[in-house]
Amino acid sequence: MSGNDKTYTISELAREFDVTTRTIRHYEEQGLIAPERRGQHRIYSRRDRIRLLLTLRGKRIGLTLNEVRELFELYDAARDDAPQLLEFMRILDLREQRLMQQIEDINVVMREVQGLKAQCERLLEKKSADADSPQP
DNA sequence: ATTCTCACA
DNA sequence: TGTGAGGA
């Protein structure tokens, strides 16, 4: 009844997320995932897989591995500890503000990039025009 | 064939 | 994080 115990090998996860097994072991050393062990070999659960997914996503938005780990710890603690929920909420609020700021910054740079592209296109048009009708 | 630990021209 | 060594 509980086919909820799917597991993965380190190479399966490495392939799925396009990272090396070294990277996954590194995240474990940093305390981001704690796969079960069968002797020396690591057995990754669905939860471990999600944590890897979240870790990689966090990295993409500029979080350090330490920050990702802190979020995991806070989440785990807040899950069942009421007082921790308040602290967790505060952290999330700060994170939210930072993300909003990142979105703003990205939009600013995006417009600059688009503006430069437009300028380049105009220059290219002028060049081809000059080529058609050289020195006046 | 895979994974593991350890170490670093 | 990468990579190679030497085992299991």
Side-chain angles (χ1 to χ4, degrees):
Chain A
M1 275 224 192
S2 31
N4 259 1
D5 50 316
K6 188 177 192 348
T7 60
Y8 311 81
T9 64
I10 192 169
S11 58
E12 286 174 335
L13 292 182
R15 270 197 301 271
E16 178 177 359
F17 297 108
D18 193 37
V19 295
T20 65
T21 56
R22 173 72 178 83
T23 298
I24 297 178
R25 295 195 188 95
H26 179 61
Y27 292 167
E28 178 180 345
E29 289 178 46
Q30 301 306 303
L32 284 90
I33 45 184
E36 184 183 313
R37 290 299 188 104
R38 195 175 91 196
Q40 294 272 64
H41 293 218
R42 297 171 172 76
I43 308 291
Y44 296 84
S45 64
R46 278 199 319 183
R47 180 170 183 273
D48 294 320
R49 196 188 78 93
I50 296 302
R51 290 221 161 187
L52 177 57
L53 173 71
L54 295 176
T55 298
L56 293 171
R57 179 176 293 155
K59 219 183 57 173
R60 282 198 298 273
I61 66 172
L63 298 187
T64 64
L65 294 183
N66 281 329
E67 290 174 321
V68 173
R69 179 171 45 66
E70 284 169 12
L71 284 178
F72 284 163
E73 291 172 347
L74 288 170
Y75 177 71
D76 288 339
R79 230 181 134 115
D80 43 70
D81 189 276
Q84 285 294 338
L85 279 174
L86 203 62
E87 171 66 359
F88 191 32
M89 187 66 129
R90 191 179 67 74
I91 303 292
L92 290 177
D93 198 66
L94 292 176
R95 190 71 69 203
E96 182 178 25
Q97 288 180 47
R98 281 181 50 181
L99 289 172
M100 296 284 273
Q101 182 60 244
Q102 280 184 280
I103 290 175
E104 279 185 50
D105 291 340
I106 287 174
N107 282 329
V108 169
V109 175
M110 180 71 83
R111 290 189 192 101
E112 288 173 348
V113 167
Q114 292 171 335
L116 289 172
K117 277 181 63 183
Q119 272 187 278
C120 288
E121 283 165 3
R122 283 198 293 278
L123 286 175
L124 285 173
E125 282 177 33
K126 187 180 180 186
K127 289 286 182 185
S128 59
D130 288 348
D132 289 338
S133 51
Q135 329 78 40

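The structure displayed is predicted, hence computed values, not measured ones. Lettering of chains follows the sequences in order, A, B, ..., and the numbering in each one begins at 1.
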Exercise for review: Examine A/Ile43 and A/Tyr8 and state if one hydrophobic cluster contains both, with Ile, Leu, Val, Met, Phe, Trp and Tyr joined whenever side-chain heavy atoms are less than 4.5 Å apart.
Suggested key: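 No, separate clusters.
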Review point. Under a 4.5 Å side-chain heavy-atom rule over Ile, Leu, Val, Met, Phe, Trp and Tyr, are A/Phe17 and A/Ile61 clustered together?
Key: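 Same hydrophobic cluster.
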[N] phosphate, OP1 or OP2, under 4.0 Å from [X] side-chain N/O:
{"X": "A/Arg42", "N": "B/dT5", "result": "yes"}
{"X": "A/Ser11", "N": "B/dT3", "result": "yes"}
{"X": "A/Arg25", "N": "B/dC4", "result": "yes"}
{"X": "A/Thr23", "N": "C/dG2", "result": "yes"}
{"X": "A/Thr9", "N": "B/dT3", "result": "yes"}

For atom [atom1] of [X] and atom [atom2] of [N], their distance in whole Å:
{"X": "A/Tyr44", "N": "B/dT3", "atom1": "OH", "atom2": "P", "value": "10 Å"}
{"X": "A/Asp18", "N": "C/dG2", "atom1": "CG", "atom2": "C1'", "value": "15 Å"}
{"X": "A/Glu28", "N": "C/dT1", "atom1": "CD", "atom2": "C1'", "value": "16 Å"}
{"X": "A/Tyr27", "N": "C/dG2", "atom1": "OH", "atom2": "P", "value": "9 Å"}
{"X": "A/His41", "N": "B/dT3", "atom1": "NE2", "atom2": "P", "value": "8 Å"}
{"X": "A/His26", "N": "B/dA7", "atom1": "NE2", "atom2": "P", "value": "17 Å"}
{"X": "A/Glu12", "N": "B/dT2", "atom1": "CD", "atom2": "P", "value": "11 Å"}
{"X": "A/Arg22", "N": "C/dA5", "atom1": "CZ", "atom2": "P", "value": "16 Å"}

Exercise for review: Quick one: stems involving DNA chain C, counted as three or more successive Watson-Crick or G-U pairs, both distances short of 3.5 Å.
Suggested key: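 DNA chain C forms these stems: B:4-8 with C:2-6.
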Review point. How many angstroms lie between atom CD1 of A/Ile91 and atom CD of A/Glu70, to the nearest 0.5 angstrom?
Key: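 So the CD1 of A/Ile91 and the CD of A/Glu70 are separated by 7.5 Å.
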**Study point:** More than 12 heavy atoms of other groups within 6.0 Å of A/Asp18 CG
**Key:**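 No, not enclosed.
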Check your understanding: If you count the non-hydrogen atoms of other residues, nucleotides and ligands that lie under 6.0 Å from CZ in A/Arg38, is the total more than 12?
Key ->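 Counting neighbours around CZ of A/Arg38, 12 or fewer heavy atoms of other residues, nucleotides or ligands fall under 6.0 Å, so no.
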**Study point:** A/Glu67 (side chain) donor-acceptor with A/Thr64 (main chain) under 3.5 angstrom
**Key:**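 Such a contact is found between A/Glu67 side chain and A/Thr64 backbone.
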Review point. Are A/Arg37 and A/Glu28 ion-paired here, with the side-chain N under 4.0 Å from a carboxylate O?
Key: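 A/Glu28 and A/Arg37: salt-bridged.
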Review point. Looking across every strand, which nucleic acid part, if any, lies under 4.0 Å from A/Arg38 by heavy atom: base, sugar-phosphate, or nothing?
Key: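 Since no nucleic acid heavy atom lies under 4.0 Å of A/Arg38, the category is nothing.
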